[in-house]
Amino acid sequence: MRQSSRPCGRLAPSPTGYLHLGNAWAFLLAWLAVRSQDGQIVMRLEDIDPQRSRPEYAAHLLEDLRWLGLDWDYGPDVGGPSGPYTQSDRSKIYDKALKQLAEANVTYPCFCTRKELRQLAAAPHVDDAGAPYPGTCSNLNEKEVQARIANGRRASIRLRCPQQPISFDDMLLGPQTFSLSDCGGDFALCRSDGVVAYQLAVAVDDALMGVNQVVRGRDILPSTPRQIALLHLLGYGAPSYAHVPLLLDEEGARLAKRHNSLSLRYLREQGVTPHRIVGLLGMLAGLNVSARAVSPAELLPAFDWNNLPRQDVCIENSQLRNLMQ
Ligand code: GLU
């Protein structure tokens, strides 16, 4: 692990579709936060879920982010000391972390099927955490575990969540405190089909890649206490975090990969220049006085956490039309 007080951030896209303006917004802010402090950036491809990830999207997203004017010091296309930088190539590293947690006796096998979990969970959903896990398998004895395995049931692995609340100081949102039981309770580290869960992969990668500054969308905020808990259990310190507001369309809906017309690829095909996109995003972030076309580097002097919006930001249709002109 690289130890350094120099900021080290990361861009961690999932290759599940074309990047849209909302992704560009979060990545631009993450890039500015690090580069404005002369820090380094890791590019990490989060393709851990084989059902959702596609290699062709991985190639496109690296190209699209470079086209936008962002760069990185380490990554799948440039190498670096803490590689590989593609999560699907790191399964041995995650297995080692899983083993370490099992030896510390903080995990347990869970045989609940998705269907059973849906039926059991009467409580409302908690953000992206899904329904809180009711702890059905948390106290199975060895005989009960073996009986289920003998019946052909396959287990996922869950973390027995620490009881004490997790606190951290978000660089944008200020002090945050979460109880893990309010964030979905004991969460999965590995699915029953052997696919490692996002929470474990991200915590391990941030630690081993020397990431000490995480800037990402506020939709991921409920994951942060879970990742901090994992980092502590694995013996690592936690990075500092900033959860930036989301970019919404004029109707107030989150931009998603289904908004094809807002993908960087489509805008590029329409002849929109990267500097116009950065200019608009910079204005929405309060870093550019108008939507004047600028490079990411030109926004660096204005970058200041105090100037950034705390509330989600709507992109108006007229602003999108201007982008195309
Ligand atoms: N790969 C995740 C995504 O694209 C981001 C994970 C993170 O920033 O921790 O939504």
Side-chain angles (χ1 to χ4, degrees), residues 7-34 41-55 57-62 64-65 68 70 72 74-76 84-90 94 97 127-130 166 168 170-173 176 178 183-184 187 189 195-231 236 238-247 254-259 262-264 312:
C8 180
R10 41 58 152 206
L11 307 176
S14 297
T16 54
Y18 291 122
L19 293 180
H20 54 74
L21 280 180
N23 302 122
W25 155 265
F27 291 136
L28 175 65
L29 294 178
W31 185 93
L32 289 169
V34 176
I41 298 182
V42 170
M43 161 61 70
R44 182 169 76 226
L45 283 177
E46 302 209 323
D47 62 345
I48 200 82
D49 186 342
Q51 274 94 42
R52 294 179 60 233
S53 304
R54 300 241 303 269
Y57 286 132
H60 290 320
L61 69 83
L62 294 179
D64 290 349
L65 288 173
L68 195 65
L70 305 187
W72 42 92
Y74 311 112
Y85 292 97
T86 299
Q87 288 188 328
S88 57
D89 294 334
R90 295 174 65 80
Y94 307 137
D127 290 322
D128 73 338
I166 303 275
F168 62 96
D170 189 286
M171 289 182 279
L172 194 60
L173 304 176
Q176 306 286 315
F178 291 86
C183 297
F187 57 89
L189 301 178
V195 173
V196 164
Y198 156 74
Q199 308 293 359
L200 181 74
V202 166
V204 168
D205 288 349
D206 283 342
L208 295 184
M209 294 177 181
V211 170
N212 56 22
Q213 177 175 297
V214 172
V215 178
R216 55 189 178 188
R218 67 145 187 89
D219 51 331
I220 306 183
L221 183 62
S223 287
T224 301
R226 288 178 262 179
Q227 291 167 18
I228 294 175
L230 280 172
L231 287 163
Y236 300 118
S240 47
Y241 293 93
H243 294 86
V244 300
L246 302 180
L247 203 55
R254 262 181 74 172
L255 301 191
K257 285 175 179 155
R258 65 172 188 283
H259 284 79
L262 301 184
S263 74
L264 293 185
D312 290 345

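Counting convention: from 1, in listed order, for ligands and their atoms alike.
- Closest approach of Cys8 and Met209 over heavy atoms only: SG-O, 4.2 Å.
- Judged as a ring pair (Phe, Tyr, Trp, His ring centres under 6.0 Å), and not counting sequence neighbours, Tyr94 has no contacts.
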Would Asp219 and Arg254 count as a salt bridge (Lys or Arg N to Asp or Glu O under 4.0 Å) if you check the C-alpha gap in whole Å, the side-chain angles of each, and the deciding distance to 0.1 Å? CA-CA 10 Å; Asp219 51 331; Arg254 262 181 74 172; 3.0 Å; yes
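- Short contacts between ligand 1 and Tyr198, defined as distances under 4.0 Å to a heavy atom of the residue, involve ligand atoms 6 (C), 7 (C), 9 (O).
- How far CG of Asn212 is from CZ of Arg10: 11.5 Å, rounded to the nearest 0.5 Å.
- Among the atoms of Ala12, some N or O lies under 3.5 angstrom from an N or O of ligand 1.
- In this structure, Arg10 has a heavy atom closer than 4.0 Å to ligand 1.
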Output, in order, the C-alpha distance, side-chain angles, deciding distance and verdict of salt bridge (Lys or Arg N to Asp or Glu O under 4.0 Å) for Arg54 and Asp47. CA-CA 8 Å; Arg54 300 241 303 269; Asp47 62 345; over 6 Å; no
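- Below 3.5 Å of separation, one finds no N or O of Gln227 facing any N or O of ligand 1.
- Counting the atoms of ligand 1 from 1 in the order shown, those under 4.0 Å from a heavy atom of Arg216 are 7 (C), 8 (O), 9 (O).
- Here Val214 has no heavy atoms under 4.0 Å from ligand 1, in either its backbone or its side chain.
- Every side-chain hydrogen bond (donor to acceptor under 3.5 Å, both in side chains) that Trp31 has, sequence neighbours left out, goes to Asp71.
- The Glu46 neighbourhood of ligand 1 comprises atoms 1 (N), 2 (C), 5 (C), 6 (C), with distances under 4.0 Å to a heavy atom of that residue.
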